[in-house]
**Q** 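After the structure tokens below, expect a handful of questions from me.
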2 protein chains.
Amino acid sequence: MSILNDRQRLVLALIIHDYVETAQPIGSQGLVERYKLEFSSATVRNVMVDLTDAGYLRQPHTSAGRVPTEEGYRYFVRQLMGQTELPANTRRTITHQFYQAGQDVNRWMRLAASVLAHQSQGASLVTAPHPEQARFQHLSLIATHGRQVLMVVVWSGGQVRQQILTLAEPVSQEMLNTATDHLNRTCQGLDADGLAALGGQFDALEQDILRLVGEEMLRMQRPVSGEVFRDGLTNVLAEPEFAESDSARKALRLLEERPLLEDLLSRTVLHSSMDDVQVLIGGEGTWEELRDCSIVLARYGAPGLMTGALGVLGPTRMSYGRTVSAVRFVSGMLSDLVIEMMADE
Amino acid sequence: MSILNDRQRLVLALIIHDYVETAQPIGSQGLVERYKLEFSSATVRNVMVDLTDAGYLRQPHTSAGRVPTEEGYRYFVRQLMGQTELPANTRRTITHQFYQAGQDVNRWMRLAASVLAHQSQGASLVTAPHPEQARFQHLSLIATHGRQVLMVVVWSGGQVRQQILTLAEPVSQEMLNTATDHLNRTCQGLDADGLAALGGQFDALEQDILRLVGEEMLRMQRPVSGEVFRDGLTNVLAEPEFAESDSARKALRLLEERPLLEDLLSRTVLHSSMDDVQVLIGGEGTWEELRDCSIVLARYGAPGLMTGALGVLGPTRMSYGRTVSAVRFVSGMLSDLVIEMMADE
DNA sequence: ATTTAGCACTCTCGATATGAGAGTGCTAAA
DNA sequence: TTTAGCACTCTCATATCGAGAGTGCTAAAT
């Protein structure tokens, strides 16, 4: 990566700024006029040649204006963008909305997806927080009909998972109550290892239940185990570069199909530290589908305890400042909420 | 609506069939050649004039082929299409998949959305089944931290809803157990009226809980209360008429935004009888956003007890035969599953 | 050593023209 | 009632053309 002088940096920033707005190649004259630059268009042209040689700009064709390359965007994001924040009143409004959502995690998720989509004008996704180290908290067994039993397990993060079991033989609600009481007293706060270490102090029924609880625990600890919340998918379609809709389709499919999504998240954000915003520009050579897209990702939650991921998909030509600040803000918001929730319990 | 003779009906059916495949206006010559018709293209042209006068066909411009009108599709769906079914082996495969999903309602929903999207090549949506008449089954209260209590309510359909309460003052887990035991014994199987009718046989804590349970019950009985499962949104983008992406955006937004969706469902499928497939062609004058789209909808579930809705969105030029059979089949499948589940409990 | 004015050159984009092709509607004959 | 024949219409793809925007280069100016 070349080292740019101030003028080069200024011109690059201005070109990116204008191109993000207009989606049109940016020419030297227009730039000088719009920003009343104190050097001439010829000088700008010289600078443009430098930036093109450095790989930060390109021309769609001879004698058209310049367009940022992926490298150009990367330089901008790393070196030029600075730490922007959402406007104070926007932050207040959003905070208020989260506050109103109370303790309902599903509402947090929906709200986060909605805020991200709205602020960034892109497509957003938010994965539900999942425990990195699930701990058992409470169990209910409810006899329904014959050998069918509804098992409801509450985990220490407050997640609730239910499942219907079919037992080998009918069991009365009384016996179920006895078993749950025993298990609830004994297993409180145990993690997977703890559960496995418990010896033969249980009868057959309790052993069975314990095994199922253990399986559920494993399922829950997978990275994209729960629901994925999305919003603003149609925003992406509004961008002119996706008018032809084919690349848009490919990109949206990435968000729609779970395996692709798991791949994406596990290769990037899961290894990053909390609330650290990552910007993937143009697929970074790995995702063909994302040729003309960028993704802004972050991981949120209580490190080591309960984490999730969130992100925004938009065209490469997106407003990185706004998007990064939105992602950072929402990620921090959710982290605070999750940490607070964990502390309560 | 005019009465058509056999030849007119045949020509209309063939034009719709071809147009659905090619998305191109259909001409008289091509029709005669492709289907080796025993009358000439001139005759077909005469028939086309009749069908155009009747309002079932139109010409994009003078001297282009014919294209079905919305009325044409309606006539086709009502009179010509017949009762088609998915192929037997497809039905078997799908049945098998549902069977493998066990009793997990969320998996049913995801699978239903996926099957609908795949079979119809459109965008699908499925609302979770919600109780028409919720009955209380079981309650758990779990003390978490200070005055915070996690309330988990199980309804007679097997739905589980959780919520975090903040009590006026700290309460021990013992006291919570006593209260839940009492409430679980007393309220088993009661509906909203039943709960309201219970007099002063409860202490203050129990009264509070009961009130919250009642509120939750009301929330749950709203038509689109739970999650909405979607799939295949990108299928729609693949259709040539949505290449320009603007009308596609409008239509997909209808599925993305909950209020619009509630409006759509409440005005149509909620008043229909179970497993009865409704076809809305071109917005039916009510939904501007659906100008070039059709929606195939059905209601599923156990009538009076637990119902949901499902549907497919596609271009007006969609294969109604395939889509209607897919919607009918999946709807019947889910109805069976829900009824079976209700009978178990 | 930079910066700038001047200018020729290039390329896109929209407007306009043109011809092939597909399809119709009409008329008159079968 | 059906059909062959034919003139007519309209679209679509292609080609042409000029305006406009923007560049790169050179030589002069700072």
**Q** Closer to the 5' end of DNA chain D via nearest nucleotide, is it A:R45 or B:A64?
**A**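 Nearest nucleotide further toward 5': that of B:A64.
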
**Q** What nucleic acid atoms does B:S41 come within less than 4.0 Å of, heavy atoms only: base, sugar-phosphate, or nothing?
**A**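 Nothing: the residue B:S41, judged by heavy atoms under 4.0 Å, touches no strand.
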
**Q** Using only side-chain N and O atoms of A:R66, determine if any of them is under 4.0 Å from OP1 or OP2 of D:dG24.
**A**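 Yes, because at least one side-chain N or O of A:R66 sits under 4.0 Å from OP1 or OP2 of D:dG24.
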
**Q** Evaluate the side-chain proximity of B:L280 to B:T286: yes if any heavy-atom separation is below 4.5 Å, no if none is.
**A**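 Heavy-atom side-chain distance check fails, nothing below 4.5 Å.
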
**Q** Any Lys/Arg nitrogen of B:D18 or B:R34 sitting under 4.0 Å from an Asp/Glu carboxylate oxygen of the other?
**A**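 Answer for the salt bridge query: yes.
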
**Q** Side chain to side chain contact (heavy atoms under 4.5 Å, CB included) for A:L12 and A:L4? Distances and angles first, verdict last.
**A** CA-CA 10 Å; A:L12 178 56; A:L4 303 184; 4.3 Å; yes

**Q** Expressed in angstrom and rounded to an integer, what is the separation of A:Q29 atom CD from D:dT23 atom C1'?
**A**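 Roughly 10 Å, once rounded to whole Å.
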
**Q** Does the side chain of A:L310 reach to within under 4.5 Å of the side chain of A:V330, using non-hydrogen atoms?
**A**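 Answer yes - side chains close enough.
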
**Q** Would you call A:R253 and A:E289 a salt bridge, taking side-chain N to carboxylate O under 4.0 Å as the test?
**A**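 Between A:E289 and A:R253 there is no salt bridge, as every charged N stays at least 4.0 Å from the carboxylate O atoms.
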
**Q** Run the side-chain hydrogen bond (donor to acceptor under 3.5 Å, both in side chains) check on A:D231 and A:S124 step by step: do they pass?
**A** CA-CA 5 Å; A:D231 204 340; A:S124 66; 5.5 Å; no

**Q** To the nearest angstrom, how far is A:M48 atom CE from C:dT3 atom P?
**A**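 About 16 Å, once rounded to whole Å.
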
**Q** Which is more 5' along DNA chain D, the nucleotide nearest B:P60 or the one nearest A:A42? Just name the residue.
**A**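 This one resolves to B:P60.
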
**Q** Would you check if the side chain of B:E239 reaches a backbone N or O of B:V236 as a donor-acceptor pair within less than 3.5 Å?
**A**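 No.
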
**Q** Does OP1 or OP2 of C:dT24 have a side-chain N or O of B:T62 closer than 4.0 Å?
**A**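 No, no such contact exists.
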
**Q** Looking only at side-chain N and O atoms, does A:R7 come under 4.0 Å of OP1 or OP2 in C:dT3?
**A**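 For A:R7, the contact criterion (side-chain N or O under 4.0 Å from OP1 or OP2 of C:dT3) is met.
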
**Q** Could you check which residues of residues 31-39 of chain A get a heavy atom under 4.0 Å from DNA chain C? Sort them by number, please.
**A**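 Under 4.0 Å from DNA chain C: A:E38, A:F39.
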
**Q** Quickly work out the A:I26 CD1 to D:dG22 C1' distance and round it to whole Å.
**A**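 Spelled out: CD1 on A:I26 to C1' on D:dG22 is 12 Å.
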
**Q** Verify the contact: side-chain N or O of A:S63 to OP1 or OP2 of D:dT23, cut-off strictly under 4.0 Å; return yes or no.
**A**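 No, no such contact exists.
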
**Q** Given atom OH of B:Y19 and atom C1' of C:dG23, what is their separation to the nearest angstrom?
**A**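 From B:Y19 OH to C:dG23 C1': 16 Å.
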
**Q** Take the protein atom CG of A:L57 and the nucleotide atom C1' of D:dT23, then report the distance between them rounded to whole Å.
**A**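 Between C1' of D:dT23 and CG of A:L57: 14 Å.
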
**Q** Does the side chain of A:D50 come within less than 4.5 Å of A:V11's, by heavy atoms?
**A**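 They are not in side-chain contact.
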
**Q** Whole Å only: how far is the CZ atom of A:R58 from the P atom of C:dC11?
**A**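 My rounded result for the distance is 16 Å.
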
**Q** Could you tell me the separation between the CD atom of B:Q59 and the P atom of C:dG23, rounded to a whole number of Å?
**A**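 Roughly 12 Å, once rounded to whole Å.
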
**Q** Let me know the distance between CG of B:N46 and C1' of D:dT3, rounded to the nearest Å.
**A**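 So the two atoms are 9 Å apart, to the nearest Å.
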
**Q** Quick one: are B:V279 and B:T323 in side-chain contact, heavy atoms under 4.5 Å?
**A**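 No, their side chains stay 4.5 Å or more apart.
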
**Q** Using Watson-Crick pairs (N1 to N3, plus N6-O4 or O6-N4) and G-U wobble pairs, both distances under 3.5 Å, which stems of at least 3 pairs involve DNA chain C?
**A**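 Listed by first number, the stems are C:1-30 with D:1-30.
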
**Q** Would you call A:R58-A:E71 a salt bridge at under 4.0 Å N-O?
**A**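 Looking at A:R58 and A:E71, the cut-off is not met.
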
